[in-house]
Engineer: 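Starting off with a structure, shown below.
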Amino acid sequence: NAGVTQTPKFQVLKTGQSMTLQCAQDMNHNSMYWYRQDPGMGLRLIYYSASEGTTDKGEVPNGYNVSRLNKREFSLRLESAAPSQTSVYFCASSFSPGPGTDTQYFGPGTRLTVL
Amino acid sequence: AQSVSQHNHHVILSEAASLELGCNYSYGGTVNLFWYVQYPGQHLQLLLKYFSGDPLVKGIKGFEAEFIKSKFSFNLRKPSVQWSDTAEYFCAVMYNNNDMRFGAGTRLTVKP
């Protein structure tokens, strides 16, 4: 079991460029999440998907879009990157269909820098 | 808005010292409580969680946490830390089963 995998590990963008962060899990989990981690602020939820075909906004969704491609994959897209989106992005998954009470399993993170 | 506060940004201890990391959260209805740990170069992983029942929760690697509802607190403790406990620790609160909030994290350095 690879658990939760994320690609790429590192990325540097120029302001205005677009990119998609990929996340996949092989644990047959129903829910998937995207967080960003900034110094001194902990993790903040961007979007989540409680089940295949559904997505919901989290605490900081502005500037991002997501796609739950299938049960395994959940991608995060930055259409027009801004320096304020420089952060470490974590994908997570959990078995329960919804954030609920279940333990979340995290990927290794993607470090994104926007110049 | 809901919030989670971790009082200590960086804690430095010697091996065998006792540890207590504070976590307080704002009132917001039903809560489920978590402590996650991130060892250097590794993924976040769950240390322990509280959903209901005995407010003293035991987790992996000798960690425990106590839920004190009247104080809105969920402090993490370990009687005797080891060098391998050096990591960043995050308190997290799930509000009403759909709103997950993390604290800013506490970096623990254990000196051998």
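To find a chain, count down the sequence lines: A is the first, B the second, and so on, and within it residues start at 1. Quick caveat, the model's predicted, so the values are computed rather than measured. Only this structure's heavy atoms are used, side chains among them; waters, hydrogens and symmetry mates stay out.
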Engineer: Can you pull out the residues in residues 35-46 of chain B with any heavy atom less than 4.5 Å from chain A?
Structural biologist: B:Y36, B:Q38, B:H43, B:L44, B:L46
Engineer: With respect to B:E64, which candidate in B:N75, B:L47, B:L56 satisfies the side-chain contact (heavy atoms from CB on, under 4.5 Å) definition?
Structural biologist: B:L56
Engineer: Are B:F34 and B:M100 packed together at the side-chain level, in the sense that at least one heavy-atom pair is separated by less than 4.5 angstrom?
Structural biologist: yes
Engineer: Mind checking what makes side chain to side chain contact (heavy atoms under 4.5 Å, CB included) contact with B:S80, not counting sequence neighbours?
Structural biologist: B:A16
Engineer: Would you call the rings of A:Y35 and B:F102 parallel, tilted or perpendicular if under 30° counts as parallel and over 60° as perpendicular?
Structural biologist: perpendicular
Engineer: Check whether NZ of the Lys or CZ of the Arg B:K78 lies under 6.0 Å from the centre of the six-membered ring of B:F63 and within 45 degrees of that ring's axis.
Structural biologist: yes
Engineer: Would you indicate whether the side-chain heavy atoms of A:N65 and A:E79 approach each other to under 4.5 Å?
Structural biologist: yes
